[in-house]
Amino acid sequence: MARVSVALWTVLTLALQVATETPPVKNNNPNYTEPLQINLNPTLLPLLSKLNTDTTSSASPGVAGPALPPVGPQSPKANDKTGEKQRARREGACPPVGLESLRASDSQLSASSYQRAGLAPHRGRLNIQSGIDDGDEYDGAWCAAVDDGNQWLQFDALRPTLFTGVILQGRNSIWSLNWVESYRVLISNDSAVWTPCMNGSVEAVFDGNRDPETPVLGMFPVGMVGRYIRINPLTWHKNGSVCLRAEFLGCPLSVPQPESEDNLDFRHHNYQEMRKLLKAVHEECPNITRIYTIGKSYLGLKLYVMEISDNPGKHELGEPEFRYVAGMHGNEVLGRELVLNLMQYICREYKRNNQRIVRLVKYTRIHLLPSMNPDGYEEAYQKGSELSGWALGRYSYEGIDMNHNFADLNNIMWDEQENAKDKSKVSNHYIPLPEYYTSEDAFVAPETRAVISWMQTVPFVLSANLHGGELVVTYPYDCTRNWIPRENTPTADDVFFRWLATVYASSNQAMANPDRRVCHYENFQQHNNIINGADWHTVPGSMNDFSYLHTNCFEVTVELSCDKFPHASELPTEWENNKESLLLYMEQVHRGIKGVVRDKETKGPISDAIIKVRDLDHDIRSATDGDFWRLLNPGEYVVTAWAEGYLPGTRKCHVGTDPRPTVCSFTLTKTPQQLALEARMKGVKTPKDLQLRRRDAQVRKLLKRGQSVALT
């Protein structure tokens, strides 16, 4: 965001000392005393105008006057230059005070009255979500106990603050419709004497909401300085009550913006700016980075990946592959910025010879996909922080939720297990795509197809899918059996997945804070900020489950913040909250065992060999070069390697507590039948097993279908 200079802060602070008393505007409300009007020196107004997002105000003169439309871009198109200019001006305004991000505490909010605890003032935060049932302690707004013009929601900034605007929403509920249609704003330094926001010589009346979810921005004609601010609803939905969610825009006059010592590019990057940043990082560290694309979005935006390795562009024998995927939901933008920050940080720290980063780059091949849904992001970006609401940009351009768009392999596996006479013969890994998923009428996003192809190409070992809107780490399975709405549904690797989730959650400063409040309505702190995905809510077709059942890769979902689209001013703090978590989680790719499966006679690698761990009903396969990685907690394991045409090999492998893998390689001998077959068919390759042939054929069909759709 554009920061206000120290000189301007000084001038504003001095202005408080020279504030003049002016005749107050007559206020007929018996609940308010005659106010002390705090006017800044007129010479400061040009400076203050730089802090306002637009010279056009959403305030109307006079209580009875018609409200003007809310200020802000009306078109989500990425190439809308007018919308881009308005967004840029909005980013230059004072930042949110932190109601949505929870930077502001519950004690800073108060109200004239409230219906009950679940609708108390602390619930009046922008974008706060309610539970399914109305009537509990986690409802979706502040609602006054009385529906009249004397009600108010108040925020205490704790220090003198320059307020420049308000963002308003109605009540989040699936059972009722409540929103405020017009309101006024008052400022105070002592919470006793109140000054109304003025539009010229009359009180300003701001246009409110016309539905419960769309955020509406009300910019003040002139910034106002005070410690307290109130929203006083004047009119509301005719069939509803006085209910609202809000965010205030304010610049504290005595506290600097939070910073990070890493001095990274802390701002929101649209598609073009992201491309420039990727290029800049590559130019700064050309020997350890490579930029490549895995496909395009529906609108043709490329899905860029930054690879970081001491040998970029090449898979090295025995070196595990790691990925971070961000932006699956385009409006959950923090993951995108954290991934961009991470690549900058790794590049700079590698050049500074930070040994932790040097080891990570030397022994890990890292892939960073900052934006899986660039079309959705551009739509949310045009509205900007706070105004994109809860869902704008979440879906692909075609309206697809990509976290439900992967093939549901869970139920295929479970159905086969229920119907099989010998369950041990049912495949628990590398499950092929079902026929329906590759048919002509299958609704599969091009972005999803691209990621599936990427998964097929690179032998990923560990991944995290970065989301937003909560503070919790979820782990597979995400889908429940028998379509139950929510139920703990563990994988065979439940213990290790819980470890992975705990590694990220326990090292994340926001999640680990014992004093933090609930984001919306789920108290994840009682679960140590981790939860089985299906035990939260069932998600058939998730990327986590697909990754686990279709490839060798273990993946969790990280919900990074309560606020899906935090303001740019919050990004330095969010980086500090997540920096250690991002690095520590990557290092977990080196836990467990690794090795190479080779032919005893030729010493050549054996690809697609099955690696089976006794008492763990989930297998993995060796990569093209015969190397494999099996994530495991410390302990003693009996491991078997087997491949088509070979006798199985079994050995004991010990996994220690140190974060480095145990080498556990295998040399396999061909079966007599295979030797006889090769003698009869000299030079003919051994065919892959049936499951692999089906899996490869279905993926080729899916990608071919995607290419034909793109051409039409």
Side-chain angles (χ1 to χ4, degrees), residues 323 325 328-329 372 401-420 423-424 426-434 436-437 444 448 451-452 455 460-467 469-470 472-505 522 524 527-559 585 588 592 612-613 615-621 630-633 691 695:
R323 71 171 182 255
V325 177
M328 170 181 275
H329 295 146
M372 182 179 167
D401 186 334
M402 294 183 198
N403 205 34
H404 293 260
N405 197 224
F406 289 81
D408 176 10
L409 304 181
N410 306 53
N411 283 290
I412 291 175
M413 180 182 68
W414 292 330
D415 289 345
E416 289 183 0
Q417 288 174 346
E418 288 182 6
N419 297 326
K423 294 183 180 181
S424 65
V426 176
S427 177
N428 59 31
H429 74 294
Y430 266 46
I431 299 174
L433 299 176
Y436 76 83
Y437 196 76
V444 184
T448 307
V451 170
I452 291 175
M455 291 178 175
F460 291 113
V461 179
L462 181 61
S463 172
N465 185 7
L466 306 181
H467 285 238
E470 260 297 350
V472 67
V473 182
T474 73
Y475 53 91
Y477 290 119
D478 289 332
C479 182
T480 61
R481 289 175 181 254
N482 303 319
W483 307 102
I484 297 171
R486 60 184 298 176
E487 182 180 62
N488 184 41
T489 311
T491 66
D493 290 284
D494 187 63
V495 175
F496 192 82
F497 271 119
R498 290 176 61 83
W499 165 259
L500 289 173
T502 300
V503 163
Y504 199 102
E522 294 270 10
F524 292 113
H527 306 296
N528 297 316
N529 303 302
I530 69 171
I531 192 171
N532 174 261
D535 202 20
W536 183 12
H537 55 265
T538 186
V539 182
S542 76
M543 188 165 72
N544 286 7
D545 289 0
F546 180 84
S547 180
Y548 182 66
L549 293 174
H550 189 69
T551 76
N552 291 334
C553 187
F554 287 30
E555 181 174 280
V556 303
T557 290
V558 182
E559 299 283 349
Y585 184 81
Q588 304 313 302
K612 183 183 293 289
V613 179
D615 298 327
L616 283 179
D617 189 24
H618 182 77
D619 306 333
I620 64 163
R621 299 249 183 174
R630 183 52 165 99
L631 298 175
L632 294 166
N633 279 323
Q691 182 184 351
R695 180 176 178 272

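All heavy atoms count here, side chains included; hydrogens, waters and symmetry mates do not.
- Nearest heavy atom pair, residue Asn544 against residue Thr474, reads ND2-O, 4.2 Å.
- No option in Phe497, Trp414, Phe546 other than Trp414 meets the ring pair (Phe, Tyr, Trp, His ring centres under 6.0 Å) test with Tyr477.
- Using a 4.5 Å heavy-atom cutoff, the side chains of Pro434 and Leu409 are in contact.
- The shortest distance between side-chain heavy atoms of Met543 and Thr557 does not fall below 4.5 Å.
- The closest side-chain heavy-atom distance from Asn403 to His467 is below 4.5 Å.
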Check against side chain to side chain contact (heavy atoms under 4.5 Å, CB included), Met402 and Met372: CA-CA 9 Å; Met402 294 183 198; Met372 182 179 167; 3.8 Å; yes

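- Looking only at side-chain heavy atoms (C-beta outward), Leu631 and Val461 come within less than 4.5 Å of each other.
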Worked verdict on Tyr585 versus Val556 for side chain to side chain contact (heavy atoms under 4.5 Å, CB included): CA-CA 10 Å; Tyr585 184 81; Val556 303; 3.4 Å; yes

Leu500 and Leu462: CA distance, side-chain angles, deciding distance, side chain to side chain contact (heavy atoms under 4.5 Å, CB included) verdict: CA-CA 10 Å; Leu500 289 173; Leu462 181 61; 3.7 Å; yes

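- Between Arg481 and Glu487, no side-chain nitrogen of the basic residue sits less than 4.0 Å from a carboxylate oxygen of the acidic one, so the salt-bridge criterion is not met.
- Taking the side chain as every heavy atom from C-beta outward, Ile484 and Thr538 never approach each other to under 4.5 Å.
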Leu466/Met328 under side chain to side chain contact (heavy atoms under 4.5 Å, CB included): CA gap, chis, key distance, verdict: CA-CA 8 Å; Leu466 306 181; Met328 170 181 275; over 6 Å; no

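- Counting heavy atoms from C-beta on, the side chains of Tyr475 and Thr491 never come closer than 4.5 Å.
- Expressed to the nearest 0.5 Å, how far CG of Asn411 lies from CD of Glu416 amounts to 11.5 Å.
- At least one side-chain heavy atom of Phe406 sits less than 4.5 Å from a side-chain heavy atom of Thr448.
- Each of Ile530, Val473, Ile531 was compared with Phe524 under the side chain to side chain contact (heavy atoms under 4.5 Å, CB included) criterion, and only Ile531 meets it.
- Taking the six-membered ring for Trp and the full ring otherwise, the centers of His618 and Tyr548 sit less than 6.0 Å from each other.
- Distance check, rounded to the nearest 0.5 Å: CG of Asp478 to CG of Asp408 gives 11.0 Å.
- When all heavy atoms are compared, the tightest approach of Met413 to Ser427 is CG-O, 3.8 Å.
- For Asn428 against Asp617, the heavy-atom pair with the smallest separation is ND2-OD1, 2.8 Å.
- Here the side chains of Glu559 and Trp536 are in contact, with some heavy-atom distance below 4.5 Å.
- What you find for Asp545 and Cys479 is that their closest heavy atoms are OD2-N, 3.2 Å.
- The distance from the CZ atom of Phe496 to the CD atom of Gln588 is 6.5 Å, given to the nearest 0.5 Å.
- Among all heavy-atom pairs drawn from Glu555 and Ser463, the shortest one is OE1-OG, 2.7 Å.
- Ring centroid separation for the pair Trp499 and Phe554 does not come in under the 6.0 Å cut-off.
- Interatomic distance, OG of Ser542 versus CG of Asn405, reported as 11.5 Å (0.5 Å rounding).
- Here the shortest heavy-atom pairing between Asn552 and Arg621 reads ND2-O, 2.7 Å.
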